Amino acid sequence: MAELTEQEQIRRNSLNELKKLGINPYPAALYEVNVKSSEILENYPKDNTLYQHISIAGRIMSRRIMGAASFVELQDAYGRIQLYIKRDEICPDEDKTLYNTVFKRLLDIGDIIGVTGYVFVTQMGETSIHVQSLTVLSKSLRPLPIVKEKDGHVYDAFSDPEQRYRMRYVDLIVNPHVRETFIKRAKIVNTMRDYFNEQGYLEVETPILQSIPGGAAARPFITHHNALDIDLYLRIANELYLKRLIVGGYAGVYEFARDFRNEGMDRTHNPEFTCMEIYVAYKDYNWMMTFVENMLSRIAMTLHGTTKVKVWGNEIDFGGPFRRAPMCDLIKEATGYDVLPMDEQQLRDTCKALNIEVDETMGKGKLIDAIFGEKCEPNLIQPTFVTDYPIEMSPLCKRHRNNPNLTERFELFVNGKELANAYSELNDPIDQLGRFQEQLRLSEKGDDEAMFIDMDFVRALEFGMPPTSGMGMGIDRLVMMMTDEQSIQDVLLFPQMKPEKKAPVTTDEEFVNHGVSAEWVPVLRKAGINTLSALKEANPNKLYNDLNGLRKKNKLEMPPLKKEELEKWMA
RNA sequence: GACUAAGUAGCUCAGCAGGUAGAGCACAUCCCUUUUAAGGAUGGGGUCCUGGGUUCGAAUCCCAGCUUAGUCACCA
């Protein structure tokens, strides 16, 4: 156990004093809560006969003690409300312990309390709760970062990203907009779920542990099943499983899937992320575009009451219909090159002419994608369906009804980022097998993201899958756009972090077991010795002087340390 | 993975022509019966990220490492 800071020690002392006073700092019984802070602030000013017998609980976020009366800001799940605590009100008898000792001295910012009382307005005009009784519900042993705010100006914000993500609980306590973001995230997901369910589509769950990681081009995580003694992969997509279910006869299936990809991490990529995929029988990608437009405008309306949303400095209009443009048209628009009829070599030359880096492993599909990614993507600010991708890029997608070199695929771009990807799904089993084999060829060429052949999936298609349209949408990205957050870490409650480094520390017990006398352990730590190895390696003369020097400086009531004693500890 | 920047009190940050470590909030003690980021007075609190080097002397200069952020590369 690392040494406690002074403030932590003071809180632990307060905890013990509470116990001595017969107050349980962590009571088991429920505390009745019959009102939310937000409803009081909303309704009381309109009708001040309301809320005259209330009971509310929350966390102390600030205190202003003015002698025999005090003001506390109490934060519950819905906001903050001021408490007015008057000594003679909560301590009507002679015994003023609850106010003078418990409230003023033993409670701190961060503690959780419950109060009963009535609502009134202070002389300063703030709706407040006049407290009549106070109950300690949970003592907080660590000081919270103190964030203050006045007229929208935030003082001393708790803003260090590492601390915010590692200690998300603290972030949520002191940064209300963070709590709000995750409420919005849930609203987005619920809106989508309602939209799908209303149309009779079925929410399903498919395997995360897969023996063939299919449905996307990405590097998977590998894990091992002991009983079967086989390697399994964490899914990179659930597409092939959902299509099996369409073969099985459902009208539509969807899943909010956690996918895992063993690739880089940055502000738009987390190793695990959520992708919603939906497959609907007897539809095509044109139908799906309209379906997506309606879904997004509904989400925007639910969240913001309008389809126009501010995202990263741009005003994005999620009210459809969105622009629909074939990929090769957009490339021609941006670069003047018509890549549609080009072969692989011509594409390489074009990339060179456009100053786009390529390598030997790239096939036609990846080359075109490179040009598109470089020259077109960043310009697609308002929602745009990019359609009709080259066949090499889309091994699971049906050939275009008018051009066999293209596929019936669209990606939806918003603010220069890909938000959704959809197909008229390939349901020709022979074509599908051929496309898998082409992927195998790419893989042998060195493309480590090429897809594996999933023979069971091909077998499923051989039984017959209806014409189907499928769509996948990155939920994290969607949430980022709908909440105007710049970083995926701000829309994931617990983003992946490197493990917290832990300094090796020797416990007090270990020091004592080693022979160090207990009263000297804190002094040793003060002298900078926190591990047994540091003790053994220290200079005995310097340490001897330091320890007795600290004893004197801190006026410790114990006999001076003898040199022989110290040498025994250091042995 | 590459480059750039940062790491000082519980939190937010100053300090750097090398010379005893600072502020605000928080915390402690005392005073104060309605305050609005901030009532008054006094006080305690630091492995200046870690390890080396230069130096009489390093938070400050140099090197290496760790962590974080940003940009780039791969990817959704």
Side-chain angles (χ1 to χ4, degrees), chain A residues 2-11 13-14 61-73 80 82-89 99 104-105 108-110 120-126 128 130 141-166 170 174 216-219 236-237 259-276 357 359 366 369-370 373 411 417-421 448-449 472-478 480 486-489 497-501 503 525-530 534:
Chain A
E3 207 176 351
L4 295 173
T5 64
E6 184 192 25
Q7 293 195 43
E8 289 172 317
Q9 194 54 59
I10 287 164
R11 283 169 183 245
N13 293 344
S14 300
M61 296 306 288
S62 78
R63 285 199 304 174
R64 293 182 290 276
I65 296 176
M66 321 292 296
S70 296
F71 295 89
V72 165
E73 271 190 284
R80 289 188 185 187
Q82 177 169 276
L83 308 181
Y84 172 65
I85 300 178
K86 193 173 168 181
R87 181 182 59 201
D88 298 333
E89 192 80 32
Y99 184 81
K104 276 171 66 176
R105 218 160 56 69
D108 290 287
I109 290 176
F120 75 114
V121 177
T122 64
Q123 288 177 9
M124 299 301 292
E126 177 154 347
S128 306
H130 191 118
L141 297 181
R142 286 176 185 262
L144 281 176
I146 306 296
V147 180
K148 294 189 174 173
E149 183 257 320
K150 166 80 170 175
D151 298 333
H153 190 295
V154 177
Y155 300 79
D156 300 333
F158 179 64
S159 56
D160 178 48
E162 179 176 14
Q163 295 210 64
R164 286 186 46 223
Y165 303 144
R166 279 199 201 284
V170 176
V174 303
R219 277 188 288 270
I236 54 175
D259 291 340
F260 304 83
R261 299 190 183 174
N262 205 341
E263 290 164 351
M265 286 165 63
D266 60 30
R267 74 175 203 291
T268 52
H269 296 87
N270 195 65
E272 53 183 296
F273 63 101
T274 304
C275 188
M276 193 294 306
E357 271 187 55
D359 66 59
K366 284 214 164 188
D369 195 36
E411 289 192 330
K417 299 281 178 197
E418 181 192 339
L419 184 59
N421 182 19
D448 57 1
E449 291 178 346
M473 182 173 281
I475 297 301
D476 308 299
R477 270 196 191 170
L478 175 65
M480 284 167 67
Q486 303 262 5
S487 163
I488 196 169
Q489 296 171 309
M497 308 283 285
K498 286 193 190 176
E500 205 166 352
K501 61 175 174 187
R525 291 196 191 280
K526 263 286 197 268
I529 306 293
N530 272 310

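As the structure is a prediction and not an experimental result, all values here were calculated from the model. So you know, we letter chains A, B, ... as the sequences are listed, proteins then strands, and number each from 1. Values below: every heavy atom of this structure, side chains too, minus hydrogens, waters and symmetry copies.
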A/Arg64 side chain near B/A38 phosphate (N/O to OP1/OP2, under 4.0 Å): yes
B/C30: pairing nucleotide in any strand, Watson-Crick or G-U under 3.5 angstrom: B/G40
Distance test, side-chain N/O of A/Lys148 to OP1/OP2 of B/C11, below 4.0 Å: no
Separation between CE of A/Met480 and CG of A/Leu419, rounded to the nearest 0.5 Å: 10.5 Å
Earlier contact from the 5' end, RNA chain B, for A/Arg477 and A/Ser14: A/Ser14
Nearest-angstrom distance from the residue atom CG of A/Asp369 to C1' of B/A73: 15 Å
Counterpart base for B/C61, defined by Watson-Crick or G-U wobble contacts under 3.5 Å: B/G53
Short side-chain N/O contact from A/Gln7 to OP1 or OP2 of B/G44, under 4.0 Å: no
N or O in side chain of A/Gln82 less than 4.0 angstrom from B/U35 OP1/OP2: no
Syn-anti status, with the boundary at 90° from 0, for the nucleotide B/A69: anti
Test ring pair (Phe, Tyr, Trp, His ring centres under 6.0 Å) applied to A/Tyr84 - qualifying residues, sequence neighbours left out: A/Phe71, A/Phe120, A/His130
Give me, pair by pair, the N or O atoms of the protein and of nucleotides 2-6 of chain B that are less than 3.5 Å apart, along with how far apart they are.
none

Under 3.5 Å on both distances, the Watson-Crick or G-U partner of B/C72: B/G1
Report, one pair per line, the protein and nucleotides 41-43 of chain B atoms (nitrogen or oxygen only) whose separation is under 3.5 Å.
none

Whole angstrom value for the distance that separates C1' of B/C32 from CZ of A/Phe71: 13 Å
